[in-house]
Protein chains: 2
Amino acid sequence: MNSTSQDETRIDDLAEVFRVMGDANRLRILVLVLDRPRPVADIAAAAGLSQSLVSHNLGRLRASRLVSAERRGKQVFYVAADQHVRTVLRDMLEHIGEVDRPGPPLGQA
Amino acid sequence: MNSTSQDETRIDDLAEVFRVMGDANRLRILVLVLDRPRPVADIAAAAGLSQSLVSHNLGRLRASRLVSAERRGKQVFYVAADQHVRTVLRDMLEHIGEVDRPGPPLGQA
DNA sequence: ATGTTATATGAACATTTGTTCAAATGAATG
DNA sequence: CATTCATTTGAACAAATGTTCATATAACAT
């Protein structure tokens, strides 16, 4: 378990993915395409954002492979890339939900 | 399933947590305290970062409750807050690992 | 009390980032 | 072909961010 430059690259890539998710607008977009593909204009309307901004952000989401795109005629449909994305979002929501509950044991924090 | 302002707050909080994780140095620190508590100076040495920077970053990690702190004498020990943090990191590493593998079936996507 | 060790905090600066606006590309249709 | 619709891309600017340096707090020792 010594630190290789492979690990460093991984950390950098990991940070990049989280940085992409660390923006409220991109997160909104991601949630909108979580369980079905949607065209860009549709996403923009649902999120209340300009088409240009949505396209820019979809570009970054796609660059991190958080979403995938498919063209159908003039429209481009975007959808969440894989199950990990959904899992991570769910886990993080649970994490946030955990407000200092006085509840159970109190072992080593 | 209409959008409430509660959801908006959640999205904002969620984005904040991801933003905190979206930095390579903070991620390194987080990994270092993933399975056992460590004092600040120890973390700084292991990560190759200044004490000041580590302290600043630990502050942000703690503000998002990604890590928790405990004082023992002069030292302060930090450790990953809960299981969700570990799970999210693992899932994301898997996500990244999924590079267009030519391997097995070749279904959709 | 003073001194020493460990950590935290504030201000300042350079760099990065999100957003907007305008223009460009691509796909269908007359 | 030109035109319309849907999306992408580039440049520019304001706002947010990471890092460093210096100083402050906290705990223990002499």
Side-chain angles (χ1 to χ4, degrees), chain A residues 8 11-33 36-80 109, chain B residues 8 11-33 36-81:
Chain A
E8 278 309 298
I11 289 285
D12 287 343
D13 292 347
L14 202 51
E16 168 67 18
V17 176
F18 284 130
R19 189 178 307 128
V20 170
M21 303 211 305
D23 174 81
N25 286 335
R26 281 193 291 270
L27 225 39
R28 264 186 280 273
I29 292 172
L30 194 55
V31 169
L32 282 171
V33 301
R36 63 188 150 103
R38 283 174 177 273
V40 178
D42 196 17
I43 299 169
L49 303 172
S50 77
Q51 260 186 21
S52 176
L53 180 53
V54 169
S55 188
H56 272 294
N57 282 333
L58 281 171
R60 295 203 65 185
L61 287 166
R62 195 180 46 192
S64 297
R65 307 206 331 287
L66 290 167
V67 302
S68 62
E70 184 197 351
R71 175 145 236 152
R72 299 186 203 169
K74 312 185 202 177
Q75 316 190 75
V76 178
F77 284 70
Y78 283 84
V79 66
Chain B
E8 278 308 298
I11 289 284
D12 288 342
D13 292 347
L14 202 50
E16 168 66 19
V17 176
F18 284 130
R19 190 178 307 128
V20 170
M21 296 179 49
D23 174 80
N25 286 335
R26 279 192 293 268
L27 225 39
R28 263 184 281 271
I29 293 172
L30 195 53
V31 169
L32 282 171
V33 300
R36 62 187 149 103
R38 282 174 177 273
V40 177
D42 196 17
I43 299 169
L49 303 172
S50 77
Q51 264 186 18
S52 176
L53 181 53
V54 169
S55 189
H56 272 293
N57 282 332
L58 281 171
R60 295 204 64 184
L61 288 166
R62 196 181 46 192
S64 297
R65 307 207 330 290
L66 289 168
V67 302
S68 63
E70 183 196 353
R71 173 144 238 154
R72 299 186 201 170
K74 312 185 205 178
Q75 316 191 77
V76 178
F77 284 70
Y78 283 84
V79 66

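Hydrogens, waters and symmetry mates are skipped; everything else that's a heavy atom, side chains included, is used. Each chain gets a letter, A, B and so on, in the order the sequences are listed, and its residues count up from 1.
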### Query
Tell me: CG of Leu27(A) to P of dG18(C), nearest whole Å?
13 Å
### Message
Assess the residue pair Asn57(A) and Arg60(A) against the criterion (side-chain hydrogen bond (donor to acceptor under 3.5 Å, both in side chains)); give the C-alpha distance rounded to whole Å, side-chain angles, the decisive distance to 0.1 Å, and a yes or no.
### Response
CA-CA 5 Å; Asn57(A) 282 333; Arg60(A) 295 203 65 185; over 6 Å; no
#### Entry: Length of the CD-P vector between Gln51(B) and dA8(C), whole Å
9 Å
### Task
Classify the nucleic acid contact of Gln75(A) as base, sugar-phosphate or nothing, counting any heavy atom under 4.0 Å across all strands shown.
sugar-phosphate
### Query
DNA chain C: Arg71(A) or Arg26(A), which has the more 5' nearest nucleotide?
Arg26(A)
### Task
Whole angstrom is fine here: how far is it from CG in Leu61(B) over to P in dG18(D)?
11 Å
### Query
Closer than 4.0 Å, any side-chain N/O of Tyr78(B) to the OP1 or OP2 of dA6(C)?
no
#### Entry: Nearest-angstrom distance from the residue atom CD of Glu16(B) to P of dA16(D)
13 Å
### Message
Give me the atom names and distance for the closest heavy-atom approach of Val20(A) to Ser64(A).
### Response
CG2-OG, 3.4 Å
#### Entry: Arg36(B) and Val79(B), any side-chain heavy atoms less than 4.5 Å apart
no
### Task
Select one nucleotide: of dT20(D), dT7(D), dT5(C), the one nearest the side-chain heavy atoms of Lys74(B).
dT5(C)
### Query
Quick one: on DNA chain C, does Asp23(A) or Leu58(B) contact a more 5' nucleotide (nearest heavy atom)?
Leu58(B)
### Query
In whole angstrom, what separates Arg60(A)'s CZ from dT9(D)'s P?
14 Å
### Task
Answer with base, sugar-phosphate or nothing: what part of the nucleic acid does Arg72(B) contact at a heavy-atom distance below 4.0 Å?
nothing
### Interatomic distance, Ile43(B) CD1 vs dA8(C) C1' [rounded to whole Å]
14 Å
### Residue Asn25(B), side-chain atoms from C-beta onward, closest of dT19(D), dT9(D), dT17(C)
dT19(D)
### Message
Tell me the interatomic distance from Ile29(A), atom CD1, to dT7(D), atom P, rounded to whole angstroms.
### Response
13 Å
### Task
State which of dT8(D), dT19(D), dC5(D) makes the closest approach to the side chain of Val76(A).
dT8(D)
### Query
Could one point to a donor on the side chain of Ser52(A) or the base of dC21(C) with an acceptor on the other under 3.5 Å away?
yes
### Task
Determine the minimum heavy-atom distance between Ala24(B) and Ala15(A), stating which atoms define it.
N-CB, 3.6 Å
### Summary
For Val76(A) and Ala69(A), the nearest pair of non-hydrogen atoms, with its separation, is CG1-CB, 3.9 Å
#### Entry: Heavy-atom closest contact (Leu27(B) atom, Met21(B) atom, distance)
CD1-O, 3.3 Å
### Summary
Checking dA8(C), dT19(C), dT8(D) against the side chain of Asn57(A) (C-beta onward), the nearest is dT19(C)
### Query
Just wondering, do His56(A) and dT8(D) stack (centres under 5.5 Å, planes under 30°)?
no
### Message
Regarding Phe77(B), tell me which of base, sugar-phosphate or nothing describes its non-hydrogen contacts under 4.0 Å with the strands shown.
### Response
nothing
### Query
Picking from dA8(C), dT19(C), dT7(D), which would you name as closest to the side chain of Ser55(A)?
dT7(D)
## Note on the structure
In whole angstroms, the gap separating P of dA16(D) from CZ of Arg19(A) amounts to 18 Å
